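Here the structure comes first, spelled out in structure tokens, and everything after it is commentary.
Convention: sequence-line order gives letters A, B, ...; per-chain numbering from 1. In this text, all values refer to a predicted model and were calculated from it rather than measured experimentally.
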Number of protein chains: 2
Amino acid sequence: MRRNTTQRTAIEQVFSQHERPLGVDEVLTYGRKLVESLNQATVYRNLKILIDDGWLKRIFHPSLGALYERTGKGHHHHFYCHECHRVFEIPGCALREDEAAPDGFVVEDHEIFLFGVCPSCAG
Amino acid sequence: MRRNTTQRTAIEQVFSQHERPLGVDEVLTYGRKLVESLNQATVYRNLKILIDDGWLKRIFHPSLGALYERTGKGHHHHFYCHECHRVFEIPGCALREDEAAPDGFVVEDHEIFLFGVCPSCAG
DNA sequence: GAGGAAATGAAAATTGTTGGCAAAAGTAAA
DNA sequence: TTTACTTTTGCCAACAATTTTCATTTCCTC
């Protein structure tokens, strides 16, 4: 049976405090402010658990690698600015999902990564 | 100054011969049929060069990890079947790119990963 | 060809992630 | 509560993926 641990609670809090996709190292750093002894392996283990629970999901940043973000925040996409290398969350969806794939394919979900220049870099 | 090497030529040929996203190990295996001495580090180095040149691009398969594919093959997206775990290339584009991000964001490119069940698994 | 810079191969070094195990902590029942 | 039991944790070793180091080889220009 799954137990509630201060470590996992701390990790959940980290995601609640930072409303954006986080990398493993960020989770570890912020998490240690809540539980000083927090270990990297524990972070990995709990990220996996939280993904299995459907509480988190993993996305892949083109250069930062794996990032983790809360699920259920409403449908949104990601925008990667190749000037400042930041990831933005873009609310809404401009995909015509019914036309996204040929007949026969059952589309259940999708993920969109936009690339370009963000407003502050575009100046 | 960049030089033409038989190794990089071989790697380019591998992608021309196989019209689909390839993993590092596949590039190495197929490449060695062209240049027996081909080394893994050389593959990594040249994949990076070819990406910088805009000749290749890297995508992330949810379970296979990084895959590399030729650019300029016509716009397409990827469909991942969670039954058979295969990746399909879906031609065309159902994204309303002009509406994809708020004003101020300059959208230059995008990548869409669709998730669901493919025709053969959907029966 | 000869000279010099860039690329390669081989292996070590990093980085990112997972697994093993003894100790610590959460939970249920006494 | 305390006890008894099992899950988690922390630490560290083990892996896997990728990058770097460096001596040697290869390409390109003269």
Distance check needed: dA7(C) P versus Glu12(B) CD, whole Å only.
13 Å

Could you point out which residue of Leu47(A), Leu67(A), Ile11(A), Val14(A) forms a side-chain contact (heavy atoms from CB on, under 4.5 Å) with Leu22(A)?
Val14(A)

According to ring-ring contact (aromatic ring centres under 6.0 Å, His included), who are the partners of His75(A), at least two apart in sequence or on a separate chain?
His77(A), His110(A)

Rounded to whole Å, the CZ-C1' distance (Arg32(A) to dG10(D)) equals 10 Å

Rounded to whole Å, please give me the gap between CZ in Phe60(A) and C1' in dG16(C).
12 Å

Taking Glu89(A) first and then Lys73(A), would you say they form a salt bridge - that is, a charged N and a carboxylate O separated by under 4.0 Å?
yes

Heavy atoms, side chains only, cut-off 4.5 Å: are His76(A) and Cys93(A) in contact?
no

Look at the side-chain N and O atoms of Lys48(B) and state whether any lies under 4.0 Å from the OP1 or OP2 oxygen of dT19(D).
yes

Output the residues of residues 38-46 of chain A in contact with DNA chain D, where contact means a heavy atom of the residue under 4.0 Å from an atom of the strand; sort by number or write none.
Leu38(A), Asn39(A), Ala41(A), Thr42(A), Arg45(A), Asn46(A)

Output the rounded distance in Å from CG (Leu28(A)) to P (dT17(C)).
12 Å

Can you build the contact string for nucleotides 22-30 of chain C? Use B for base contact, S for sugar-phosphate-only contact, and - for no protein heavy atom under 4.0 Å.
---BBSS--

Spacing between Ile51(B) atom CD1 and dT18(D) atom C1', to the nearest angstrom:
13 Å

Indicate yes or no: at least one non-hydrogen side-chain atom of Arg2(B) is less than 4.5 angstrom from one of Asp53(B).
yes

Give a yes-or-no answer on whether the side chains of His78(B) and Glu69(B) include a donor-acceptor pair shorter than 3.5 Å.
yes

Can you measure Arg8(B) atom CZ to dG9(C) atom P for me and round it to whole angstrom units?
12 Å

Five pairs at each end of the helix from dG1(C)-dC30(D) to dA30(C)-dT1(D): take the axis at both ends and give me the angle between them to 10°.
40°

Classify the ring geometry of Phe115(A) against Tyr80(A): parallel below 30°, tilted from 30° to 60°, perpendicular beyond 60°.
perpendicular

Got a salt bridge between Arg70(B) and Glu12(B), using NZ or NE/NH1/NH2 to carboxylate O under 4.0 Å?
no

Each residue besides Val117(A) in its hydrophobic cluster should be listed here, by chain and number; the cluster joins Ile, Leu, Val, Met, Phe, Trp and Tyr at side-chain heavy-atom distances under 4.5 Å.
Val106(B)

Output the rounded distance in Å from CG (Asp52(A)) to C1' (dT8(D)).
16 Å

Output the rounded distance in Å from CG (Leu47(B)) to C1' (dT8(C)).
15 Å

Partner residues of Phe105(B) under the ring-ring contact (aromatic ring centres under 6.0 Å, His included) criterion, sequence neighbours left out
Phe79(A), Phe88(A)

Just do the salt bridge (Lys or Arg N to Asp or Glu O under 4.0 Å) check on Arg58(B) and Glu111(B) with the steps written out, would you?
CA-CA 11 Å; Arg58(B) 180 166 58 166; Glu111(B) 195 153 299; over 6 Å; no

